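Notes for the one structure printed next.
Please read these numbers as outputs of a predicted model, since none were measured by experiment. Keep in mind that the numbers below use all heavy atoms, side chains included, and drop hydrogens, waters and symmetry copies. Start at 1 and go down the list; that is how both ligands and their atoms are numbered.
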Amino acid sequence: MRTRIKICGLTREDDLLAAADAGADALGMVFYAGSKRCVDVAQAARLRRLAPSFVSVVALFVNPSPDDVQRVLDEVGPDLLQFHGDETPEACERYAHPYLRAFRVGGPTLQTQDDIAQACEQYAGAQGWLFDSYSSGYGGSGLAFDHTLLNGVPATKRRAVVLSGGLKAENVEAAAMHVRPWAVDVSSGVESAPGIKSAGRIQEFVAAVRAADARLTALAG
Ligand SMILES: O=C(O)c1ccccc1N[C@@H]1O[C@H](COP(=O)(O)O)[C@@H](O)[C@H]1O
């Protein structure tokens, strides 16, 4: 049992290296002008080159134009795309590139376990389903949601589940024990200011996830 960890919203070289050194499996960069964590393509390409082998790079978009996504694919070369807006399945799949579909749980169309089950079915082509909380912006709010709604995810699809939304060192162990996701994703919870990560907070977050893994392994054994 090893819950994968994505650290999102990286904007600085030192932060990216701190996340990799702490044991992150994935490093996220935001290409959404409405975010305080938005990076331009040139900076993202520099950051991407620093990512060590066997650590994935994820490019996050909110309702992007196809040209913008293609430019990031060509110039940054992310391993995964993350669509965090209102993109249709067709819009996510047009690049023939693996992607995460983010669902903003608690929003008008995602209120119940059935709503979530339907959303998962609609985006069956996604590499993973990322569950974030609904907020007035599109994400990175630091807000959590009712994790019991994830009982709507088909039981056979645990490997698709990425839990996010308001996670931090203080709550991720309990959240991982309850949801048992494949991966967790965090942005605000490891920051000292928007877009400025704290190496100490990242290390605490990773340690808390590993504590959940140890407890889940003991329970399984
Ligand atoms: O990080 C952002 O600024 C952002 C902007 C727009 C959409 C998504 C964004 N981040 C993602 O939001 C979730 C939750 O973040 P938090 O830990 O609650 O701050 C996470 O998946 C980020 O990748």
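Close contacts of ligand 1 with Ser141, meaning ligand atoms under 4.0 Å from a residue heavy atom, involve 18 (O), 19 (O). Distances below 4.0 Å separate heavy atoms of Leu60 from the following atoms of ligand 1: 7 (C), 8 (C), 9 (C), 10 (N), 11 (C), 23 (O). The atoms of ligand 1 that sit less than 4.0 Å from any heavy atom of Tyr138 are 7 (C). Close approach to Val186 involves these atoms of ligand 1, each under 4.0 Å from a residue heavy atom: 17 (O). Every atom of ligand 1 with a heavy atom of Tyr32 under 4.0 Å away is listed here by number and element: 6 (C). Below 4.0 Å from some heavy atom of Ser164 lie the following atoms of ligand 1, by number and element: 13 (C), 14 (C), 20 (C), 21 (O). Within the listing of ligand 1, atoms 23 (O) sit less than 4.0 angstrom from a heavy atom of Lys6. The ligand atoms of ligand 1 that sit less than 4.0 angstrom from a heavy atom of Gly166 are 18 (O).
Shortest non-hydrogen contact noted between Gly137 and Arg104 is O-NH1, 4.1 Å. Considering every non-hydrogen atom in both Phe131 and Cys120, the closest pair reads CZ-SG, 4.0 Å.
The distance criterion of under 3.5 Å between nitrogen or oxygen atoms is met by Gly140 with respect to ligand 1. Annotation: Leu130 places no N or O atom under 3.5 Å from an N or O atom of ligand 1; distance criterion only. Geometrically, ligand 1 and Ser188 share a nitrogen or oxygen pair separated by less than 3.5 Å.
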Inset, instruction - Begin from the C-alpha positions of Asp146 and Thr148 and carry the test side-chain hydrogen bond (donor to acceptor under 3.5 Å, both in side chains) through to its verdict. - result: CA-CA 6 Å; Asp146 174 5; Thr148 61; 2.6 Å; yes

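The aromatic rings of Phe103 and Trp129 sit tilted relative to each other, their planes meeting at an angle between 30° and 60°.
In terms of protein heavy-atom proximity, atom 5 (C) of ligand 1 is closest to Gly139 O, 3.6 Å. Counting only heavy atoms of the protein, atom 3 (O) of ligand 1 lies nearest to Ser35 OG, 2.6 Å. When only non-hydrogen protein atoms are considered, atom 13 (C) of ligand 1 lies nearest to Asp132 OD2, 3.3 Å. In terms of protein heavy atoms, atom 17 (O) of ligand 1 is closest to Ser187 N, 2.9 Å. Scanning the protein heavy atoms around atom 22 (C) of ligand 1, the nearest turns out to be Asp185 OD2, 3.8 Å. The closest protein non-hydrogen atom to atom 2 (C) of ligand 1 is Arg37 NH1, 3.2 Å.
Heavy-atom distances between Gln82 and ligand 1 reach below 4.0 Å in at least one pair. For the ligand labelled ligand 1, residue Lys36 lies outside the 4.0 Å heavy-atom shell. Using a 4.0 Å cutoff on heavy atoms, Gly9 does not count as a contact of ligand 1. The shell of residues lying under 4.0 angstrom from ligand 1, judged by heavy atoms, excludes Gly28.
Under the 3.5 Å distance criterion, the side-chain polar atoms of His97 are matched with a main-chain donor or acceptor of Pro78.
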